[in-house]
Amino acid sequence: RIRPQLSKEKIEGCHICTSVTPGEPQVLLGKDKAFTYDFVFDLDTWQEQIYTTCVGKLIEGCFEGYNATVLAYGQTGAGKTYTMGTGFDLNISEEEQGIIPRAISHLFSGIEERKRVAQSQGRAAPEFKVSAQFLELYNEEILDLFDSARDPDVRHRKSNIKIHEDASGSIYTTGVTSRLINSQDELIQCLKQGALSRTTASTQMNVQSSRSHAIFTIHLCQMRVCARPDKLLLPTTEYETLTAKFHFVDLAGSERLKRTGATGERAKEGISINCGLLALGNVISALGDQSKKVVHVPYRDSKLTRLLQDSLGGNSQTIMIACVSPSDRDFMETLNTLKYANRARNIKNKVVVNQDKTSQQISALRAEIARLQMELMEYKAGKRVIGEDGSEGYSDLFRENAMLQKENSTLRMRVKAMQEAIDAINSRVTHLMSQEANLMLARAGDGNEAIGTLIQNYIREIEELRTKLLESESMNESLRRSLSRVSTRAPYSMGSSPGSSLAGLCSPAAPVDTEASDVLRRAKQDLERLKKKERRQRRKSGCEEEDGREDEDEDSGSEDSLVDSDSDAEEKAVNFQADLADLTCEIEIKQKLIDELENSQRRLQTLKHQYEEKLILLQNKIRDTQLERDRVLQNLSTMECYTEEKANKIKADYEKRLKEMNRDLQKLQAAQKEHARLLKNQSRYERELRKLQAEVTEMKKAKVALMKQMREEQQRRRLAETKRNREIAQLKKEQRRQEFQIRALESQKRQQEIVLRRKTQEVRRRMDASSAPGQPEPNWGMLLGKHGFPGVAQPVAHVSLLPFGCRKKFPKKGTSQTFSKAARLKWQSLERRIFDIVMQRMTIVNLEADMERLIKKREELTLLQEALRGKRSKLQAENPKGLQELNEEIEVLGANIDYINDSISDCQATIMQIEETKEELDSTDTSVVISSCSLAEARLLLDNFLKASIDKGLQVAQKEAQIRLLEGRLRQTDMTGSSQNHAILDALREKAESHPELQALIHNVQQVQGWSFCVPHHREWEEGWRGTLFSDGLGSRGIHEDRCSDVLGSDGGALWHCHVVEDAWYEAALVLPCPRDCVCSVVPSTHPPPCLFFLSHARGVINPVGGTKNARTAPLQCVSMAEGHTKPVLCLDATDELLFTGSKDRSCKMWNLVTGQEIASLKGHPNNVVSIKYCSHTGLVFTVSTSYIKVWDIRDSARCIRTLTSSGQVISGDACAGTSTRTVTSVQGEHQINQIALNPTGTMLYAATGNSVRIWELSRLQPIGKLSGHIGPVMCLTVNQTASNHDLVVTGSKDHYIKVFEIAEGMVGNIGPTHNFEPPHYDGIECLAIQGDILFSGSRDNGIKKWDLEQQELIQQIPNAHKDWVCALAFIPGRPMVLSACRGGMIKVWNVDTFTPVGEIKGHDSPINAICTNSKHIFTASSDCRVKLWNYVPGLTPCLPRRVLAIKGRATSLP
């Protein structure tokens, strides 16, 4: 049931997220997620309709002895108490009464109705006894709401009510007050009394919220006269006793503490409520399990499920009413409620009538008597007989009668169908014959319409008489055969077969030619024989194939010959199949021809018979007419009044009749001649028939031969397949042997590493012992480990922690290999499953948080909009001039609210997709994997689970310790900042004594902002800190004074403190600015400062490079090369002092361009790092991998502080920390992010996600809108700033188009493009470069185009600028030059103004993936795992002749 929206929800702008399919019991949640139930009630459903549809029939069932239960489930405030009717509001009307008051009224009206009906029928009135109980389950304690001696305030005292189960499995309680009820008003009063004693409280979701589960039970005991059948002669004073119980269950609302805002006692109540509902959900899941894998149903986990054991899986008709809220604010609660109810729909209960033992025994005896009487009647009627061995059975006569009745009904249907067919054929024959007669008369020249009508009537009459004659003869023949069959049949023999009965009913055909019948009979026999032979051959070939699969023959041969033989075998098999299909088709065609010839022969014989009968009939008629004429003439000659005139008249009359008959006779004779001609053609038909039969025989022989050949070919192919499988098995065996050898070598290597480490430690101890006291020796182990010597520092992770004196037992060779592999695979599958579940839940939690944040924002904007509307209504009456600004503000708020609603809808759709994916993943349950484990595998899995839990616990402890450390630092920073603020304020106050204006300004700042203003930093130190901080400490061992002083500036920056460190740490400190919460101090060299601890793992290095062979002519010279990545470098970004690179090895590296060293490696990406950006304003690094954007704070341990997703979620910390393997696919609902870009001010981040670009506000790290308009994925984008300080975003897509978006301050929601550049490229856009009003675009079509952003038109284009894809574009700082790089490794330099080539150089031997520049260098990232640093050399001649330049780089100027 979906409740209506509350007025508060409407005021706060909540939307309806549910809908009901018209005419179907289906509810839609969100856009397209459908749930189907037995009944669905929408917002406008009345209480009476719900009761009539769902509960009324349950009350009627109680009168017949069936138990019933009504459950109301849902979140807090969903309308459960209102639906059940236990609220008892004083102002409630009769139409709004709930289920329980209506059920009570229905119960007592039914009692009165049954008593009245019994009295009207003269029977004894039934006796009813009604009793009621009202229980409350509060904090897992059962309380009696009818107990008047109970103190309502003492709710935590242990209850004395016990739950028991009788021998039949029914649940009953002891210690509960049961009240005997005599009237409807009395029961209503008891219900009110119990409802008022129930525990309720106020929460943020409901003013009067039920804090306990309530179960109101009505017991009905009925004693009535037994209803007996009329056939049974039983005493009339026999009674039966029926009992029934009806549970009305009002469950407390499922709730989340953050929604209800419950604390203290309310929070404990909410936890108890959720525990009971969780147990109820587990019981429902176990009972509704479709796979029947769950054997145990956990009824005893909660007292609620124990009390409702009968209702959930026992003897009860149960209906569950899921009450949900339609508002999108309660989307997650509604989704969970619908899923909960959907599981309950799978439960199937078996109900029986509740009778006392006497009534049950009487009913059983009555049923036995009825059965025996029926058997006696069957024996009397001869239906049952006793055999010679004493066994009972049905008589043959009964079986024959049943079979004949079935056959009779079948024949009746066939006769009816045949009669209709005969009538249709007769009408058709009559019509054709009349047409033929009319044609013959027309040819003779004496035909007219009257004669034609007469002929048609005669023919119709003849056909009807012929039909009747045939029916009579058929009936006669059938009776004759039946008589002979009856006379020869035994008295109790079975009836004749259906075939003989049908033969008796068929009309006897006229005798046909003996030769033709023999030919047809032989043809049919041959056809049947060939069909049987074909079926035997097929069965034989199938058996041979099965036997062939089991056998494995050994044969040698090369793999190439096997491949060739396989291809030949496949071609032969295809040819054989085609030939077999052709033969089968031809056989069917021949068979149809034979059938047609047989049918035509039967038709000819029938026509012959008909024409012969007609000829005989007409000849007899002519003879009778002649005799009559002679007799009349003779009579006339003997008459006295004989005259010649009368005789002539009579003679002429008879001659006329004779002429007509002779004419009919001639027509019939002509027809007979035609028939004779057809009979002559019959011999030709028979010859054709024999020829066709011969052809069929030959074709079947060819088919048999072809099938034999196919079997032989299959045998050869099977042998070849067996040989190949044997070779594959040998190769796999060899591979396993090699893997075993590799593992043995690895084990040996680990042993050697352990030995080497021990020896190294021993050497270090001896050196420490031999060194003089007071002279520290270098840590050789750490130095060796730092420089990568194997086995010294690294293999610590491989050493097992064993007790002292114990030796590790290594497994023997060749043991447990298959076991360990299978267990490892199972553990990996479980690990993936656990990771998927964690990611899904984390995603859903983040989406819920986003939804709640958006809903709160919408509430604020809605209230603000209502306030502005009220203000506008006041201004309309007072000052209409200021209405325009208000209207604009209201429109802006409306647009923001619409965008928030769209975002909420997107979150809901994403949650639904994840839920569907989770259902699909749940189908592959982990219990299947666990149940299939052996004992050893289960031990290994348990060991892995323990290790994983220990690791996770350790990580949690480390995170908590880190959080506590950071909180301590934060408090220290706050204290330091507070003291500094006080010092600054005191200094300002001293200066303000002589400046009253400054004193007033200080007072205003204190009033408005309190003490939260920052002490600025002096710009000189910010510019020169790197040179002055360590100027005199480069060669010294230590620095003994703090060179970083607190200097007050005027530009509003924050006060920075820096750790001054020794030796190895000063180089890194040259590059990284100190975090703003660092306090300046001197740190010893053995303990690096926390903000720089990650620098101790430097591996990569930037090496200088000598001159290349064409450096004299090339405009670029390679000066250095950065090496350190193990896979292709895909992206890079650079400042004057830092270089950031992203690679396919799933890591990003940060390089110090001053020292030429790698200073950090940002790892833990799920896949390739495709884009990287550094924001100098905030000190954050953004890296992109699959659908995630990781935000790294390199000022503090280079840790990931946030993870942004393509769908707009913000996840705290590193969301991909648990991914140890490469993840190729994205999570459900996410899209691949291809590139990111920062605006020049560093306040906005733009991410190309799918077909759109998502906008992130970096101050809050929250999404604020989308750029949409492309129909293909956005592959690249770049950002510039207009004269009006608006962001100008240019995007290039795979749909070949380039679009421009102008984003003003405050714009949110879906933003469309301001311009679409035409004409498009011929392929997808790969790169963009923008400088001022000039835009360059490179594409996969090998071309480069130059665009004017101000005029919004194409200026020039070079179709074939490179020989391969143009992958990267960049401007040379300070010069009118643009660089382009292609997939072939070539770099070209172009003049920006004239768009002519300046020169080119082969930069890399592999594809160049990215180019970037700083004020000094040009950086190129390539698939050869290197990054090259280039210098631009001005004034050199181009590397190509002018003619070649003109050909290769011709620019097309456009008007």
Side-chain angles (χ1 to χ4, degrees), residues 1-5 16-59 61 68-85 98-99 102-103 246-251 253-254 277 280-290 308 311-313 316-328 330-351 908 911-912 915-916 918-919 922-923:
R1 182 183 188 181
I2 305 171
R3 66 161 172 80
Q5 266 194 316
I16 293 177
C17 62
T18 61
S19 62
V20 176
T21 305
E24 296 292 334
Q26 191 178 68
V27 59
L28 294 174
L29 183 63
K31 295 180 180 178
D32 53 359
K33 179 63 176 177
F35 294 90
T36 303
Y37 303 99
D38 296 318
F39 309 101
V40 172
F41 302 102
D42 208 353
L43 307 172
D44 53 354
T45 307
W46 289 92
Q47 297 274 66
E48 182 180 1
Q49 183 181 353
I50 295 175
Y51 178 80
T52 306
T53 307
C54 301
V55 188
K57 55 186 177 183
L58 299 183
I59 294 292
T69 303
V70 176
L71 282 161
Y73 174 80
Q75 73 173 97
T76 300
K80 301 181 298 301
T81 303
Y82 175 80
T83 301
M84 296 300 295
I99 288 174
R102 293 177 185 272
F246 204 129
H247 288 306
F248 297 94
V249 185
D250 181 13
L251 298 173
S254 60
L277 294 177
L280 180 62
N282 293 334
V283 170
I284 288 174
S285 299
L287 292 172
D289 185 16
Q290 300 289 345
L308 299 179
S311 303
L312 294 174
S316 176
Q317 294 176 332
T318 304
I319 184 167
M320 179 176 178
I321 302 177
C323 301
V324 298
S325 165
S327 299
D328 54 2
D330 304 321
F331 178 82
M332 289 306 302
E333 287 82 358
T334 301
L335 174 62
N336 293 329
T337 302
L338 293 178
K339 288 168 60 181
Y340 200 99
N342 199 39
R343 293 203 307 269
R345 190 166 176 257
N346 297 326
I347 301 176
K348 306 295 181 184
N349 282 1
K350 295 180 181 178
V351 294
Q908 292 173 355
I911 289 173
M912 300 307 298
E915 289 291 338
E916 292 175 359
K918 186 167 70 175
E919 291 173 2
D922 289 342
S923 62

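- Considering all non-hydrogen atoms of both residues, Thr69 and Val249 come closest at CG2-CG2, 4.1 Å.
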When the side chains of residues 50-58 are checked against the rest of the protein, which donor-acceptor pairs come out under 3.5 Å, sequence neighbours left out?
| unit_1 | atom_1 | unit_2 | atom_2 | d |
| --- | --- | --- | --- | --- |
| Tyr51 | OH | His106 | ND1 | 2.9 |
| Thr52 | OG1 | Glu48 | O | 2.8 |
| Thr53 | OG1 | Gln49 | O | 2.7 |

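- Atom-to-atom distance recorded for Leu43:CG and Gln5:CD is 8.0 Å, nearest 0.5 angstrom.
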Quick one: side chains of residues 317-326, donor-acceptor pairs under 3.5 Å with protein atoms, not counting sequence neighbours, listed by atom name and distance.
| unit_1 | atom_1 | unit_2 | atom_2 | d |
| --- | --- | --- | --- | --- |
| Thr318 | OG1 | Ser311 | O | 2.6 |
| Thr318 | OG1 | Ser316 | OG | 3.4 |
| Ser325 | OG | Arg3 | NH2 | 3.0 |
| Ser325 | OG | Ser327 | N | 3.4 |
| Ser325 | OG | Asp330 | OD2 | 2.9 |

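- At least one side-chain heavy atom of Tyr37 sits under 4.5 Å from a side-chain heavy atom of Asn342.
- Rounded to the nearest 0.5 Å, atoms CD1 (Ile347) and OG (Ser285) are 8.5 Å apart.
- Here the CD-CD distance, from Gln75 to Glu333, works out to 5.0 Å after rounding to the nearest 0.5 Å.
- Applying the salt bridge (charged side-chain N to carboxylate O under 4.0 Å, His left out) test to Asp38 and every residue at least two apart in sequence or in another chain returns Arg345.
- Remark: Arg343 engages no residue in a salt bridge (charged side-chain N to carboxylate O under 4.0 Å, His left out) (not counting sequence neighbours).
- Here the CE atom belonging to Met84 is positioned 13.0 Å from the CZ atom belonging to Arg102, to the nearest 0.5 angstrom.
- Judged as a ring pair (Phe, Tyr, Trp, His ring centres under 6.0 Å), and not counting sequence neighbours, the contacts of Tyr340 are Tyr73.
- When all heavy atoms are compared, the tightest approach of Lys80 to Gly74 is CD-N, 3.3 Å.
- Two residues are said to be in side-chain contact when any heavy atoms from C-beta on lie closer than 4.5 Å; Ile2 and Ile16 fail this criterion.
- Between the Gln47 side chain and the Tyr82 main chain, a donor and an acceptor come within less than 3.5 Å of each other.
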Item to complete: Start with the C-alpha gap between Leu251 and Leu280, add the side-chain angles, then the distance that decides, and say whether side-chain contact (heavy atoms from CB on, under 4.5 Å) holds.
Response: CA-CA 11 Å; Leu251 298 173; Leu280 180 62; 3.8 Å; yes

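- The distance from the CG atom of Asn336 to the CG atom of Leu277 is 11.5 Å, given to the nearest 0.5 Å.
- Once rounded to the nearest 0.5 Å, the distance linking CG of Leu71 with CZ of Phe248 reads 11.5 Å.
- Here the side chains of Asp44 and Pro4 are not in contact, with every heavy-atom distance at 4.5 Å or above.
- Note on residues 316-328: pairs passing salt bridge (Lys or Arg N to Asp or Glu O under 4.0 Å), not counting sequence neighbours, are Asp328-Arg858.
- Considering all non-hydrogen atoms of both residues, Ala103 and Ile59 come closest at CB-CD1, 3.9 Å.
- The minimum heavy-atom distance linking Arg1 with Thr45 is given by the pair NH2-O, 3.4 Å.
- Side chains of Thr21 and Val40 form no contact here, defined as non-hydrogen atoms less than 4.5 Å apart.
- When atom types are taken as modelled, the side chain of Lys348 and the backbone of Leu287 share no donor-acceptor pair closer than 3.5 angstrom.
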